[in-house]
2 protein chains.
Amino acid sequence: MFLIVYAHPNPKSFNHAIKDRVRQVLESKGHVEVRDLYELSFNPILSSRDFETLLSGGVPLDIALEQDYIKKSELLVFVYPIWWTGMPAILKGYIDRVFSYGFAYAERDGQLVGLLTDKKVIIINTLGASELDYVPSGMEECLKKTTDLGVFNFCGMQVLKHIFLYSVPTVSHEERVNMLDRVQKELEEVL
Amino acid sequence: MFLIVYAHPNPKSFNHAIKDRVRQVLESKGHVEVRDLYELSFNPILSSRDFETLLSGGVPLDIALEQDYIKKSELLVFVYPIWWTGMPAILKGYIDRVFSYGFAYAERDGQLVGLLTDKKVIIINTLGASELDYVPSGMEECLKKTTDLGVFNFCGMQVLKHIFLYSVPTVSHEERVNMLDRVQKELEEVL
């Protein structure tokens, strides 16, 4: 199964168009589920109560549901805009809550090890910033390090691609059409 | 005025102790306000409705309240744990929503410029990871880049200190006491 985790508030956004294109490409290869975090009104706040439930060996119901989707998936595609050099809060909270100890990672012989070693990940980001702002300064490299390494590799997942689509608010319609085609091509390369 | 923005769900946490020590040190120098985002049940989800209000020149009421606290402050101290190489979602959403266009930054002659140029910032983070995990790998540098540069400098704010307190869950009580003293010393150096 393929899982798309999508976080953007506006159904008319370019992110929405990307998510639809990704779904279309994936559907030609197998079953696809989409978790649209805004549409789901996903609760992103990791609470004391969550900690208590997790520490006692339980899993809060809404977290268990998302973990089930991940368990069934071989490939996860995350589609979201970069806001303030990171994920929108609703997606950051999905990671904070769903990627819990015992599900995504655990301690083995005094070391933390990733548990999601059979999962592959593709990340697709839109940015308001330009490539010239982000690549020479090393910011793109830091986005890869904090996300690919710090989140997904940490859980044992393999990041196949991390696609950055720059200057989205200011490029032409034609360039955005090309970006969607690029997304399709990059997906087809690894499917 | 001094403003502490604090994000941790557990009142018995070490982050809570840090926040209390910071407040105590700042109170010896002036008026302090604390925004405890969990206690406030701050809504971190930037919505389509927020975008509409902001685009029409308005400001959602809960955002306006937080902006007022920032406007009145000369120094902001952020106290939070690093979760998944970033802020807890509730704080990420505070940035997503409160640091809005027209308040924190704006376009001038085709360039985005920071508007909070009279504000100073101190960031205090706890981490489960060790210094050995984060410094040689460049992850600490990336946390500075994404947060200090990507958020605060972008808005024109000056970051006085970014303090990383490593291995918090595994160090001794005495080491945590030393960490609190270090926080106090680092604050007193710049007050």
Side-chain angles (χ1 to χ4, degrees), chain A residues 7-13 37-38 41-52 81-99 101 104-105 110-112 128-130 133-134 137-152 154-155 170, chain B residues 7-13 37-38 41-52 81-99 101 104-105 110-112 128-130 133-134 137-152 154-155 170:
Chain A
H8 197 288
N10 186 352
K12 291 177 184 163
S13 66
L37 301 184
Y38 270 91
S41 297
F42 182 78
N43 168 18
I45 302 179
L46 181 59
S47 65
S48 282
R49 195 167 180 168
D50 288 336
F51 275 115
E52 282 160 26
I82 295 292
W83 289 349
W84 297 105
T85 70
M87 297 172 183
I90 201 169
L91 177 59
K92 180 53 170 56
Y94 172 97
I95 302 293
D96 290 347
R97 297 185 70 229
V98 176
F99 282 32
Y101 182 89
Y105 66 102
Q111 296 277 10
L112 294 178
S130 72
D133 286 334
Y134 262 46
S137 68
M139 193 63 94
E140 183 185 285
E141 201 49 44
C142 283
L143 293 189
K144 283 185 186 162
K145 208 164 228 170
T146 50
T147 306
D148 303 11
L149 258 174
V151 179
F152 298 112
F154 186 85
C155 302
T170 47
Chain B
H8 197 286
N10 186 354
K12 292 177 185 163
S13 67
L37 301 185
Y38 270 91
S41 297
F42 182 79
N43 167 19
I45 301 179
L46 180 59
S47 65
S48 283
R49 196 168 179 166
D50 288 335
F51 274 115
E52 281 161 24
I82 296 292
W83 289 349
W84 298 105
T85 70
M87 298 172 182
I90 201 169
L91 177 58
K92 181 53 170 57
Y94 172 97
I95 303 292
D96 290 347
R97 296 186 70 229
V98 176
F99 282 32
Y101 183 91
Y105 65 102
Q111 296 276 10
L112 294 179
S130 72
D133 285 334
Y134 262 47
S137 67
M139 193 63 93
E140 184 185 285
E141 200 51 44
C142 282
L143 293 189
K144 283 186 187 161
K145 207 165 229 168
T146 49
T147 305
D148 303 10
L149 259 174
V151 179
F152 298 113
F154 185 85
C155 302
T170 49

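Note on naming: letters A, B, ... go to the chains in the order of the sequence lines (proteins, then strands), and numbering restarts at 1 for each one. Quick caveat: nothing in here was measured; it's all calculated off a predicted structure.
Inter-residue side-chain proximity for A:Tyr38 and B:Ile45 is flagged as met; some heavy-atom pair is nearer than 4.5 Å. At a threshold of 4.5 Å between non-hydrogen side-chain atoms, the residues A:Trp83 and B:Leu46 count as touching.
Comparing A:Leu149, A:Ile95, A:Ile90, A:Leu91 by heavy-atom pairs within less than 4.5 Å of chain B, the highest count is held by A:Ile95. Your options are B:Pro11, B:Ser41, B:Gly93, B:Gly86, and the one with the most heavy-atom pairs under 4.5 Å with chain A is B:Gly86.
Smallest separation of non-hydrogen atoms from B:Phe51 and A:Pro9: CE1-CG, 3.8 Å. Here the closest heavy-atom approach between residue B:Met87 and residue A:Lys92 is recorded as O-NZ, 2.8 Å. Shortest non-hydrogen contact noted between A:Lys145 and B:Met139 is O-CE, 3.4 Å. Listed here is the closest heavy atom pair of B:Pro44 and A:Pro44: CG-CG, 4.0 Å. The two atoms that bring B:Asp96 and A:Trp84 nearest to each other are OD1-CD1, 3.6 Å, heavy atoms only.
If you measure heavy-atom distances from A:Thr146 to chain B, the contacts under 4.5 Å come from both the backbone and the side chain. Using a 4.5 Å cut-off between heavy atoms, A:Phe152 does not touch chain B at all. Contact of A:Tyr94 with chain B is not made at all, since no heavy-atom distance falls under 4.5 Å. Both the backbone and the side chain of B:Ser48 come within contact range of chain A, each with at least one heavy atom under 4.5 Å from a heavy atom of that chain. Contacts between B:Ser137 and chain A at a heavy-atom distance below 4.5 Å involve the backbone alone (N, CA, C, O).
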